[in-house]
Amino acid sequence: MTDSSERDLSQPTALDEEFAAFFTANKNNFMRICASRLRNLHDADEALMDAAVQMHRKWHVIQAHPNPMALAYRILSSAITDFYRRRARLTEREVPVPGTSYTAYADTPTVDDILALRGYDGLDRALAKLAERAPMQAECVRLRYLADRDLDEIADCLAITKGAAKTNVHLGLKKLHALMDLPDPGKGDA
């Protein structure tokens, strides 16, 4: 090393080890959140790794934050959104090469793949409408039912109280029922 300010990148620092412990402890929950939003494990893994890089770069900021989990969740949500945007930009720029069997997908989806996703269509549309009208409720419902988080974890992720998380989940579910034209739970036809 020529400069004393340079550090040996092959030797992990205490901050690197702290980040590794934090990320290892929360990786499964982060992956569930990504998979529930992206519906594809490969895409979810890619978005999660992008988020991990951002979290590592901002680890000192995350540690100093009053609610580190909320900031990490915000970074994860931004990485998921950026993944969608990057995918859309790349798709717009792709030009098929004449004479090749190029397609826009690495693996062309089969009919079975499309049929497997049809059950999510109504829910995805309703969640998108709910996200436009009441974003906190939509996020609480996603975390509770699609990412399988309990109310304490939802409150931590979104920097709200447990009571607010419970209320947002309840109201979000009621609005989802209305948006999807589902019958009220507990009421029969008679």
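Since the model is a prediction, treat every value here as computed from it, not as a measurement.
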| task | Begin with the C-alpha distance, continue with both residues' side-chain angles, and end with the deciding distance and a verdict on side-chain contact (heavy atoms from CB on, under 4.5 Å) for Arg37 and Thr81. | result | CA-CA 10 Å; Arg37 297 250 321 259; Thr81 303; 3.8 Å; yes
| request: In sequence, state the C-alpha distance, the side-chain angles, and the governing distance for Val169 and Leu143, and then conclude on side-chain contact (heavy atoms from CB on, under 4.5 Å). | output: CA-CA 9 Å; Val169 168; Leu143 287 171; over 6 Å; no
| request: Please lay out, stage by stage, how Lys174 and His170 fare under the test side-chain contact (heavy atoms from CB on, under 4.5 Å). | output: CA-CA 6 Å; Lys174 282 182 77 170; His170 175 74; 3.5 Å; yes
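When each of Leu171, Ile154, Thr167 is tested with Cys140 by the rule side chain to side chain contact (heavy atoms under 4.5 Å, CB included), just one qualifies, namely Ile154.
To the nearest 0.5 Å, the span separating CG on Leu151 from NZ on Lys162 amounts to 6.0 Å. In this structure, the separation between OG1 on Thr161 and CG on Asp152 is 10.5 Å, given to the nearest 0.5 Å. For the atom pair NZ (Lys129) and CG (Asp124), the distance works out to 12.5 Å, reported to the nearest 0.5 Å.
Listed here is the closest heavy atom pair of Asn67 and Asp156: ND2-O, 3.0 Å. The minimum heavy-atom distance between Ala147 and Ile33, with the atom names listed, is CB-CG1, 3.6 Å. Closest approach of Cys157 and Met69 over heavy atoms only: SG-CG, 4.2 Å.
A tilted orientation is assigned to the rings of Phe22 and Trp59, their planes being inclined by 30° to 60°. Between His56 and Phe19, the angle of the ring planes goes over 60°, which puts this pair in the perpendicular group of the 30/60° scheme.
Glu18 has its side chain within reach of Gln63: a pair of non-hydrogen atoms, C-beta onward, lies under 4.5 Å apart. With a 4.5 Å cut-off on side-chain heavy atoms, Ile160 and Asn168 count as touching. Residues Arg142 and Gln137 have side chains not in contact (no heavy-atom distance under 4.5 Å, counting atoms from C-beta outward).
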Distance-only criterion, 3.5 Å: show the donor-acceptor pairs between side-chain atoms of residues 40-55 and protein atoms not counting sequence neighbours.
residue: Asn40; atom: OD1; partner: His42; partner atom: N; Å: 2.8
residue: Asn40; atom: OD1; partner: Asp43; partner atom: N; Å: 3.1
residue: Asp43; atom: OD1; partner: Arg87; partner atom: NH2; Å: 3.1
residue: Asp50; atom: OD2; partner: Arg86; partner atom: NH2; Å: 2.6

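Judged as a side-chain hydrogen bond (donor to acceptor under 3.5 Å, both in side chains), the pairs with a partner in residues 25-36 (not counting sequence neighbours) are, in order, Asn29-Arg32.
Arg144 has no carboxylate O lying under 4.0 Å from a charged side-chain N of Asp150, or vice versa, which leaves the two without a salt bridge.
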